[in-house]
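What follows is a set of notes on a single structure, which appears directly below.
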Amino acid sequence: MTLLLAAQALISLTLLVSGLAKLPDRTATADAMLSLRLPARSLHPVAATALPFAEIVLAVAVWIPVPALQGVLAAATLLLMLAYLVIIARALTFGEAVTCSCFGRLGSPTVSRTTLGRNILLVVLAALALGSAASGTTAQALRAEAPSTLALLLALALAVLLTALTLGGSRRPAPEGGTAADQAVGDDPALSSDLPADAAAMDAELDYQRSSTPYGMLRMAGQEPITLKTLTRERAALLIWVQPGCGPCERVLSSVPGWLEEIGDVITIRTLFRVPPEELPASVLERAGETAAQDIDRNLMDVFRARHSPSAVLLGADGMLAGGPVRGGNDVIRFVEEIIEQLAEARETGDLPAV
């Protein structure tokens, strides 16, 4: 009985932590669904909103001492755990690292074999919990052994809380010559989402004195490297740093074809990757298309302090910075939308020829 109850308690606490962690950042959950290539993309925002509440209900309502209700909820939990397992196993076959945001911002959301092992364990726990509910063990324990059952739940809840606080309070030391914020948004795709307010405030300090376009180089597929000066010799250029597999980057990358159609006749768009375009997965090239370029040795990332993906900067044809850099999925999309709006106004006033 103790083993079955412990399984139910663990799966409930896992669902509760997962649901509560997802509630504050539902955009990250929707981004994760995009990274995981789940179908019905138009329904992702709805699913991202409903999922945390569903997990919380499954975690809490199963402790109502009604055997039939417990059996239904335990079965639903097992089906959910099996679905998560299939999604994670499938993600491991992708050509790039994928973020899942399985527990919001707690832990490491990068999908790995460890993630798969964790989900297998969750399926086993859910199966044991279903056995406990179906046999009436859970309801019986709640009626007959309420104090000891409550003590078990409390002990497990405290263990989970301490773990969450430990993970949430961990910070890597700042790198030499940089800040802790720079380190935090460096290379980890788990942190490839919208910047916190303090980082945004730091960028606001740079707003906005136009400066000369710095020296830097990029390379298109099948071409020799070119400098930013060459890239902007005839017209402005929009540089967008993305990293395949991070949710906000996937959202930005999916917007690139539309942006290219809207402003590609006036502004050169380049989506920058750490690897040569020839090495990018087909799913990435389908969206990046002719805009894909390599940020050689991350030289542009360094010179523009674009350590966070996605990021974007607009370079003017006059050899000066025209906007940005901006960081974070929402800010990058808003930045490009503002550029599109300004160009549309310029066409309306005749400052630019109509398309």
Side-chain angles (χ1 to χ4, degrees), residues 194 203-204 206-244 248-274 276-277 280 284-296 299-301 303-306 308-355:
D194 297 318
D203 284 343
L206 302 176
D207 258 353
Y208 192 86
Q209 296 179 355
R210 294 195 69 193
S211 57
S212 299
T213 299
Y215 178 82
M217 300 188 72
L218 55 87
R219 190 186 74 83
M220 303 290 291
Q223 298 181 16
E224 293 296 319
I226 62 170
T227 64
L228 295 181
K229 182 178 180 180
T230 301
L231 180 68
T232 58
R233 181 171 294 164
E234 297 182 356
R235 58 181 186 172
L238 175 64
L239 306 182
I240 305 172
W241 287 265
V242 289
Q243 181 174 326
C249 297
E250 292 292 325
R251 183 153 45 95
V252 168
L253 193 55
S254 295
S255 301
V256 168
W259 294 341
L260 192 60
E261 185 176 344
E262 291 271 4
I263 60 175
D265 62 317
V266 179
I267 296 177
T268 299
I269 299 177
R270 292 292 178 261
T271 48
L272 300 176
F273 300 88
R274 299 174 183 177
L280 292 171
V284 174
L285 286 175
E286 287 173 3
R287 291 168 288 170
E290 64 187 39
T291 71
Q294 180 187 12
D295 182 358
I296 303 170
N299 74 105
L300 299 178
M301 182 180 292
V303 76
F304 288 110
R305 297 173 59 194
H308 181 278
S309 294
S311 295
V313 65
L314 181 64
L315 310 179
D318 58 356
M320 306 287 286
L321 293 185
V326 296
R327 302 174 178 86
N330 292 337
D331 287 342
V332 168
I333 291 174
R334 190 180 303 114
F335 178 61
V336 179
E337 288 176 347
E338 289 174 356
I339 294 173
I340 293 172
E341 290 175 3
Q342 291 172 6
L343 291 177
E345 291 176 1
R347 289 190 174 104
E348 289 178 1
T349 59
D351 293 334
L352 277 178
V355 179

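Because the structure is a prediction, the values reported are computed rather than measured. Hydrogens, waters and symmetry mates play no part in the numbers below; they use all other heavy atoms, side chains included.
Between Ala293 and Leu218, the shortest heavy-atom contact is CB-CD1, 4.1 Å. Across all non-hydrogen atoms, the minimal contact from Pro248 to Pro310 is CB-CD, 3.7 Å. Scanning both residues, Ala288 and Leu253, for their nearest heavy atoms gives CB-CD1, 4.0 Å. Heavy-atom minimum distance, Pro214 versus Val303: CB-CG2, 3.5 Å. Between Ala322 and Gly316, the shortest heavy-atom distance links the atoms CB-N, 3.9 Å. When all heavy atoms of Ala312 and Leu238 are compared, the pair lying nearest together is CB-CD1, 4.5 Å.
You'll find the side chain of Tyr215 reaches within 4.5 Å of the side chain of Thr227, heavy atoms only. Counting heavy atoms from C-beta outward, Thr291 and Trp259 have side chains that stay 4.5 Å or more apart. In this structure, the side chains of Val242 and Val332 stay at 4.5 Å or more apart for every pair of heavy atoms. Side-chain contact between Glu286 and Pro257 is absent, with no heavy-atom pair separated by less than 4.5 Å. No side-chain heavy atom of Pro325 sits less than 4.5 Å from a side-chain heavy atom of Arg305.
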Quiz item: Hey, mind stepping through Glu290 and Leu260 against side chain to side chain contact (heavy atoms under 4.5 Å, CB included) and telling me if it holds?
Solution: CA-CA 10 Å; Glu290 64 187 39; Leu260 192 60; 4.1 Å; yes

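The CG atom of Leu231 sits 4.5 Å away from atom CD1 of Ile226, with the distance rounded to the nearest 0.5 Å. Rounded to the nearest 0.5 Å, atoms CD (Glu338) and CG (Asp331) are 9.5 Å apart. Taking CZ of Phe335 as the start and CG of Asn330 as the end, the distance is 15.0 Å to the nearest 0.5 Å. Separating the CG atom in Leu239 from the CG atom in Leu272 is a distance of 5.0 Å, to the nearest 0.5 Å. Between atom CD of residue Glu262 and atom OG of residue Ser255 there is a gap of 11.0 Å, rounded to the nearest 0.5 Å. A distance of 5.0 Å separates CG of Leu314 from CD1 of Ile267, quoted to the nearest 0.5 Å.
A donor-acceptor distance shorter than 3.5 angstrom exists from the side chain of Asp295 to the backbone of Leu300, with no hydrogens or angles considered. Looking only at distances, a side-chain donor or acceptor of Arg235 sits under 3.5 Å from a matching main-chain atom of Asp265. Remark: side-chain polar atoms of Ser254 are not paired, donor with acceptor, to backbone N or O of Arg251 under 3.5 angstrom. Looking at Arg270, its side chain never comes within 3.5 Å of a backbone N or O of Met220 through a donor-acceptor pair.
Applying the ring pair (Phe, Tyr, Trp, His ring centres under 6.0 Å) test to pairs two or more places apart or on separate chains, none has a residue in residues 216-236.
In this structure, Phe273 has no ring pair (Phe, Tyr, Trp, His ring centres under 6.0 Å) partners at least two apart in sequence or on a different chain. Judged as a side-chain contact (heavy atoms from CB on, under 4.5 Å), and not counting sequence neighbours, the contacts of Thr232 are Ala237, Leu315.
Under a cut-off of 6.0 angstrom, the local environment of CD in Glu224 is sparse, with at most 12 non-hydrogen atoms contributed by other residues, nucleotides or ligands.
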